[in-house]
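Okay, structure first, notes after.
This one's a predicted model, so the numbers in the text were calculated from it and none came from an experiment.
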Amino acid sequence: MSSDEGYGRRDGGTGADGQGRGLWVEEPARRRRMPDPVRASAVRAVLIVAVTLTQATISFFLTLTGSWLAFPMALAAVAGTIVATWGVLDVWITRQAWNQRYGVLSEPSSTARTRRREAGRAARAARAARGPGAGRIRREDGPLTAFGRR
């Protein structure tokens, strides 16, 4: 097989008939991408949790060996647990805040649009049935009566 057979060919190396899968095939994403602030806080939380788990593991092994570093590492692991809890809560709060600000699209559904259109038609028909100016109350003593207007 020569260097240009099979690899890097557009037909996936199956020959001229084009039957087969190429090397790079775009597939649609299963889920939508997270918003940038939420993704940033999630990455931060994952890093904090990873460091905390590493601290807890090291603290456990230092305790087994009876090292003097066991107590300071245990304190660091407890502090890391508190910070990791804050990090996970930060992801949750950031996600909720983003959904409140940008998550809801104010687009009426087709049902609401139809009802609004029907209500508008009914209101126009009622106005047309009353006639022009039927709904207005004429005043005899308004501010424009001196100018001949009522």
Side-chain angles (χ1 to χ4, degrees), residues 1-130 132-137 139 142-144:
M1 181 186 270
S2 66
S3 63
D4 61 341
E5 289 180 18
Y7 301 107
R9 290 176 56 162
R10 290 188 176 218
D11 62 357
T14 60
D17 58 352
Q19 301 293 325
R21 186 177 172 133
L23 292 177
W24 186 270
V25 177
E26 290 285 335
E27 294 181 2
R30 293 183 193 140
R31 293 192 309 176
R32 287 179 46 213
R33 181 174 164 163
M34 281 192 293
D36 287 340
V38 178
R39 192 170 59 248
S41 64
V43 168
R44 189 170 45 244
V46 165
L47 291 175
I48 291 171
V49 168
V51 168
T52 302
L53 287 174
T54 303
Q55 282 180 339
T57 304
I58 291 172
S59 175
F60 173 73
F61 286 129
L62 287 175
T63 303
L64 287 180
T65 60
S67 174
W68 64 273
L69 282 175
F71 184 68
M73 281 301 289
L75 291 179
V78 169
T81 303
I82 294 169
V83 173
T85 304
W86 167 82
V88 172
L89 282 175
D90 180 46
V91 173
W92 183 64
I93 292 169
T94 306
R95 182 174 164 267
Q96 294 296 327
W98 195 92
N99 281 338
Q100 281 185 350
R101 289 183 189 147
Y102 310 108
V104 178
L105 297 177
S106 297
E107 294 179 2
S109 66
S110 59
T111 306
R113 195 175 300 120
T114 305
R115 285 186 179 176
R116 191 175 62 224
R117 193 176 301 134
E118 289 173 1
R121 285 184 189 142
R124 280 193 300 274
R127 274 196 307 266
R130 281 193 309 229
R136 301 188 72 152
I137 300 174
R139 290 184 57 173
L144 300 176

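- Every residue two or more places apart in sequence or in another chain that forms a side chain to side chain donor-acceptor pair (under 3.5 Å) with Glu26 is listed here: Trp24.
- In terms of heavy-atom proximity, Arg39 sits nearest to Arg33 at NH2-NH2, 2.5 Å.
- Between Met73 atom CE and Thr54 atom OG1 the span is 9.0 Å, to the nearest 0.5 Å.
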Result block: side-chain N/O donor-acceptor pairs under 3.5 angstrom for residues 58-71, not counting sequence neighbours:
| from | atom 1 | to | atom 2 | distance (Å) |
| --- | --- | --- | --- | --- |
| Ser59 | OG | Ala74 | N | 3.4 |
| Thr63 | OG1 | Ser59 | O | 2.7 |
| Thr65 | OG1 | Phe61 | O | 3.3 |
| Thr65 | OG1 | Leu62 | O | 3.0 |
| Ser67 | OG | Leu69 | N | 3.2 |

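- Put simply, OG1 on Thr52 and CD1 on Ile82 are 10.0 Å apart, with the number rounded to the nearest 0.5 Å.
- For Val91 against Ser41, the heavy-atom pair with the smallest separation is CG2-O, 3.3 Å.
- Residue pairs meeting the salt bridge (charged side-chain N to carboxylate O under 4.0 Å, His left out) criterion with at least one member in residues 83-94, sequence neighbours excluded, are Arg44-Asp90.
- In terms of heavy atoms, Ala45 sits closest to Val88 at CB-N, 4.2 Å.
- Within the structure, salt bridge (charged side-chain N to carboxylate O under 4.0 Å, His left out) pairs that include any residue of residues 71-88 do not occur (at least two apart or interchain).
- Of the inter-residue distances, the one linking Leu53 atom CG with Thr81 atom OG1 reads 8.0 Å to the nearest 0.5 angstrom.
- Side-chain contact check for Pro37 versus Trp98: some heavy-atom pair is nearer than 4.5 Å.
- Remark: Trp86 pairs with no residue by the ring pair (Phe, Tyr, Trp, His ring centres under 6.0 Å) rule, at least two apart or across chains.
- For residues 65-75, no residue pair satisfies the salt bridge (charged side-chain N to carboxylate O under 4.0 Å, His left out) rule, not counting sequence neighbours.
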